[in-house]
Amino acid sequence: MLLVSKDAQVTVVVLEPAKHRELTIAGMIALNKWTFAPQLKGDDPVDGELTVRIHFRSQ
């Protein structure tokens, strides 16, 4: 889950870690690089959240 504050600060919250810790860490690193505009209620920025599901595939 990503929490995006009304001033566009992003906090990553892991709801269900991957079976391998390295994959959880890689996912967190990737998500921390994303940028967002805050959600709007009318013309006013508000705090919001977004759930992201990451699927890992091995070769």
Side-chain angles (χ1 to χ4, degrees):
M1 175 185 302
L2 299 169
L3 304 175
V4 182
S5 69
K6 61 185 175 185
D7 59 351
Q9 297 299 311
V10 177
T11 302
V12 176
V13 178
V14 177
L15 298 178
E16 186 176 334
K19 290 182 181 179
H20 299 284
R21 184 172 185 242
E22 294 83 4
L23 295 177
T24 300
I25 292 170
M28 289 179 65
I29 289 169
L31 292 174
N32 276 311
K33 293 180 181 179
W34 292 13
T35 58
F36 295 88
Q39 292 180 342
L40 297 175
K41 186 173 185 177
D43 291 331
D44 298 321
V46 295
D47 295 335
E49 65 182 52
L50 171 70
T51 300
V52 178
R53 182 174 288 216
I54 301 174
H55 298 273
F56 294 99
R57 192 177 321 160
S58 62
Q59 295 182 2

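Heavy-atom basis, side chains included; hydrogens, waters and symmetry copies ignored.
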> Closest approach of L23 and A18, non-hydrogen atoms and distance?
Replying inline: CB-CB, 3.8 Å
>> Let me confirm one number: the OG1-CD distance from T11 to E49, rounded to the nearest 0.5 Å.
In response: 11.5 Å
> Do V13 and L3 have side-chain heavy atoms sitting under 4.5 Å apart?
Replying inline: yes
> When clusters are formed by joining ILVMFWY residues with side-chain heavy atoms under 4.5 Å apart, either directly or through shared neighbours, do M1 and F36 land in the same one?
Replying inline: no
>> According to side chain to side chain donor-acceptor pair (under 3.5 Å), does anything in residues 26-42 pair up with another residue at least two apart or in another chain? List the pairs.
In response: none
> Do you reckon L40 sits in the same ILVMFWY cluster as L2, going by side-chain contacts under 4.5 Å, direct or chained?
Replying inline: no
> What residues join I25 in its hydrophobic cluster, counting side-chain heavy atom gaps under 4.5 Å, either direct or through other members?
Replying inline: I29
> Rounded to the nearest 0.5 Å, what separation is found between the CD1 atom of I54 and the CG atom of L31?
Replying inline: 4.0 Å
>> Quick check: is V46 connected to V4 through a chain of hydrophobic side chains (ILVMFWY, heavy atoms under 4.5 Å apart)?
In response: no
>> Among residues at least two apart in sequence or on other chains, which ones pass side chain to side chain donor-acceptor pair (under 3.5 Å) with S5?
In response: D7
